[in-house]
Amino acid sequence: MKAFTRLNGLVCPLDRANVDTDAIIPKQFLKSIKRSGFGPYLFDEWRYTNYGEPGMDCTNRPKNPDFVLNQPRYQGAQVLIARDNFGCGSSREHAPWAIEDYGFRVIIAPSFADIFFSNCYKNAILPIVADAGTVDRLFKECEAAEGYTLDVDLEAQTVTTPSGFSFKFDITEHRKYCLLNGLDDIGLTLKHADEIRAFETRHKAAQPWLFA
Amino acid sequence: MAKTLYDKLWDSHVVRQEEDGTCLLYIDRHLMHEVTSPQAFEGLRLAGRKAWRNTSIVAVPDHNTPTNHWDRDIEDPISKTQVDTLDANIKEFGSLIYFPFKHKNQGIIHVIAPENGATLPGMTVVCGDSHTATHGAFGALAHGIGTSEVEHVLATQTLVQKKSKAMLIKVEGQVGPGVTAKDIALAVIGKIGTAGGTGYCVEFAGSAIRALSMEGRMTVCNLAIEAGARAGIIAVDDITVSYLEGREHAPKGEQWSRAVEYWKTLHSDEGAKFDAVVELKAEAIEPQVTWGTSPEQVLSVGSRVPNPANEADPVKRASYERALQYMGLTADQPITEIAIDKVFIGSCTNSRIEDMRAAAAVAKGKKVASNVKLALVVPGSGIVKRQAEAEGLDKIFIEAGFEWREPGCSMCLAMNADRLSPGERCASTSNRNFEGRQGPGGRTHLVSPAMAAAAAIAGHFVDIRQA
Ligand code: SF4
């Protein structure tokens, strides 16, 4: 996994609540057995006016000019700001894969759906929960100023706007450590293989039917 | 100290705990389907790892499989590759149960695991699928995970998790005639919202929940995720135990008695503390119909579609306007005047035998309305299908003009050929009414099986109590 330390990135505002993973990456793309290449199909049904199929070349597909990702001023954005309950619905990790493949590394919203939230960390994306008032402020500032960027510092757990307004965010020590060092969990967990085996032996003695 | 059911399930699976509260949680049952597993197996293979305990695995292809013309195999080559990949991965890594495409017991993963006794009380159950919450009906801690976590469970038999908060949702009283588990669940979502359960493990309790069959309890827990909760659980009681007795992978003999003795402890203790409590009166719950593009946009069948102008909150007003536009509805339109084009009875929410019976009871001796282009009944598994056929339910459906299909996810997600065309409106027993969920531009209204069957006969929504 890529490490995440600090980022100063262009911001793209997606002004919708309850953005579900079906919208982030529609189901036809879930037929892929690969982990990469989903970026061109991110928000496919909102982004293009024709129906997307897996493997399609998206360079010449008709784009929906009203959709925020298609506006010239947001090209190259690395920070996505969104409203409540972002990433609800299906557990598909294809959603963070598409977001990461497109180029976003940070998502800021007042709340996220649980499964999506943990999927982000596995893919070097930093999801940040900020209170609704703060998110609202970011939306207003972003819309008012072309080229609006945010500075995200994981070590310090801060987000800073161009005018110097700054807020702190929460992250568990475990997740922070993994992100800062670009470590995936499996290697870390296997360091405790003996403990897992010991647990398994006790568990089997107590509930042998679970191992039948 | 008095413990919640969630505390008991959690505590009995913690392998180790970090200072920040992050735990390694042991996983008893790993369910799999073809969509969210290929990249996990690939990761395992690239790292040269084996499955830690392959007898924890129960797998089945369900999302991409066709529900008719099985003689023609899987016609979509990309779908076929995904299903073949699962076949190959299970062959390489092993499993406890694998029902390949066309196996007589094949079906939706969340239907086949319980009916084969592979979901047991006290277990931790995971699957790369959000509706894993279903299995919580058995007093198991069950939740959906992402593909990286699927790989993590494959490699280590554990999951890195932090404990959620605990919410109690109590539904007391007796539901009226025509009101089902689906209506209870939709009413709960309507009350707390699609993010209401975010960060919680929800325990469903109260006399109306205890009165439900295991099928009904699975429907309720299945929809916990639509309320934002990663897991929904229900305490074990005699109904749970008698459902499991004699099932293929349930314990037998002396182990059965020992298991039952333990399972009976799987309930929240008197006086256990919850972080949040929500109460609903069963008598107040009416048959539900969703009108919008989120499961929380739900109303009693006797209501009118909301008018955004009456919404004070601007974010909510905008989302109502957008939903009405997408759904092709007008403000203040009575729900019962909404005409439908298609009907889908199926999905891991409502494709078990009880659902088939409820829909057939409504369809019996009637005909599907002429404006309904397609009314699909898709049983959840081969076992459900054969049981329904033994009861003659297939004939009732076919005579009424429904199509009786082979098991699978079908038009719940429309990854196979069963889907809505743009603008088509569907009465569906599934779980998500998101934009494009049942096909691009398709419009989904979530209802119970009886309400779906009644809508098929009338050609529009009707109050099942007057049908
Ligand atoms: S029936 Fe629908 S919700 Fe259930 S597992 Fe299949 S696609 Fe998912």
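Residue numbers begin at 1 in each chain, while the letters A, B, ... track the order of the sequences. The shown structure was predicted, so the numbers you read here are calculated from the model rather than taken from an experiment.
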Who wins among [options] for the most heavy-atom pairs under 4.5 Å with chain B?
| options | result |
| --- | --- |
| Gln28(A), Arg83(A), His94(A) | His94(A) |
| Asn123(A), Thr21(A), Leu190(A) | Leu190(A) |
| Asp15(A), Asn119(A), Leu188(A), Asp22(A) | Asp22(A) |

Heavy-atom distances under 4.5 Å only: say whether [X] touches chain A with side chain, backbone, both or neither.
| X | result |
| --- | --- |
| Arg322(B) | side chain |
| Val160(B) | side chain |
| Ile145(B) | backbone |
| Glu151(B) | both |
| Lys162(B) | side chain |
| His13(B) | both |
| Thr22(B) | side chain |
| Trp52(B) | side chain |
| Leu413(B) | both |
| Ser319(B) | neither |
| Val14(B) | backbone |
| Asn431(B) | neither |
| Thr158(B) | side chain |

Chain A: which of [options] shares the most heavy-atom pairs with it under 4.5 Å?
| options | value |
| --- | --- |
| Ser56(B), Ser294(B), Ala414(B) | Ala414(B) |
| Ala195(B), Ala250(B), Cys127(B) | Ala195(B) |
| Glu149(B), His249(B), Met123(B), Glu18(B) | Glu149(B) |
| Gly228(B), Ser79(B), Ala229(B), Gly193(B) | Ser79(B) |
| Leu96(B), Val315(B), Asp129(B) | Asp129(B) |

Quick one: pull up [atom1] in [X] and [atom2] in [Y] and give me the separation to the nearest 0.5 Å.
| X | Y | atom1 | atom2 | answer |
| --- | --- | --- | --- | --- |
| Leu30(A) | Ile78(B) | CG | CD1 | 12.0 Å |
| Gln82(B) | Ser32(A) | CD | OG | 7.5 Å |
| Lys27(A) | Asn64(B) | NZ | CG | 12.0 Å |
| Met415(B) | Phe29(A) | CE | CZ | 11.0 Å |
| Ser12(B) | Arg202(A) | OG | CZ | 11.5 Å |
| Lys204(A) | Arg53(B) | NZ | CZ | 8.0 Å |

Residues of residues 38-50 of chain B within contact distance of chain A, non-hydrogen under 4.5 Å: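 Within residues 38-50 of chain B, near chain A: Pro38(B), Gln39(B), Arg49(B).
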
ring-ring contact (aromatic ring centres under 6.0 Å, His included) against Phe199(A), all qualifying residues, sequence neighbours excluded: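 Checked Phe199(A) against ring-ring contact (aromatic ring centres under 6.0 Å, His included); matches are His203(A), Tyr26(B).
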
Side chain to side chain contact (heavy atoms under 4.5 Å, CB included) evaluation trace for Phe211(A) with Thr55(B): CA-CA 8 Å; Phe211(A) 293 78; Thr55(B) 53; over 6 Å; no

Check whether any side-chain heavy atom of [X] lies under 4.5 Å from a side-chain heavy atom of [Y], and answer yes or no.
| X | Y | value |
| --- | --- | --- |
| Ile115(A) | Ser130(B) | yes |
| Thr147(B) | Trp97(A) | yes |
| Gln157(B) | Glu200(A) | yes |

Neighbourhood of chain B inside residues 179-187 of chain A, taking heavy atoms under 4.5 Å as contact: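 Only Asp185(A), Ile186(A), Gly187(A) of residues 179-187 of chain A have a heavy atom under 4.5 Å from chain B.
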
Chain B-proximal positions within residues 137-145 of chain A [heavy-atom distance under 4.5 Å]: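 Near chain B, by residue number: none.
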
What part of [X] gets within 4.5 angstrom of chain B, counting heavy atoms only: side chain, backbone, both, or neither?
| X | value |
| --- | --- |
| Lys34(A) | backbone |
| Phe112(A) | backbone |
| Pro26(A) | neither |
| Ala198(A) | neither |
| His192(A) | side chain |

N-O pairing of Arg175(A) and Asp20(B) below 4.0 Å: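 No salt bridge links Arg175(A) with Asp20(B).
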
Salt-bridge contact Arg230(B)-Asp114(A) (side-chain N to carboxylate O under 4.0 Å):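 Not counted as a salt bridge, because no side-chain N and carboxylate O are separated by less than 4.0 Å.
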
Pair Ser90(A)-Arg432(B), side chain to side chain contact (heavy atoms under 4.5 Å, CB included): steps then yes or no: CA-CA 9 Å; Ser90(A) 149; Arg432(B) 288 190 175 135; 3.5 Å; yes

Side-chain donor-acceptor contact under 3.5 Å, Glu93(A) with Thr36(B):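 Thr36(B) and Glu93(A) do not have a side-chain donor-acceptor pair below 3.5 Å.
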
Residues Thr189(A) and Arg16(B): side-chain donor-acceptor under 3.5 angstrom: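 Absent: no donor and acceptor within the cut-off.
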
Considering all heavy atoms, the nearest Arg92(A)-Arg437(B) contact: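 In this case the closest contact between Arg92(A) and Arg437(B) is NH2-NH1, 3.9 Å.
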
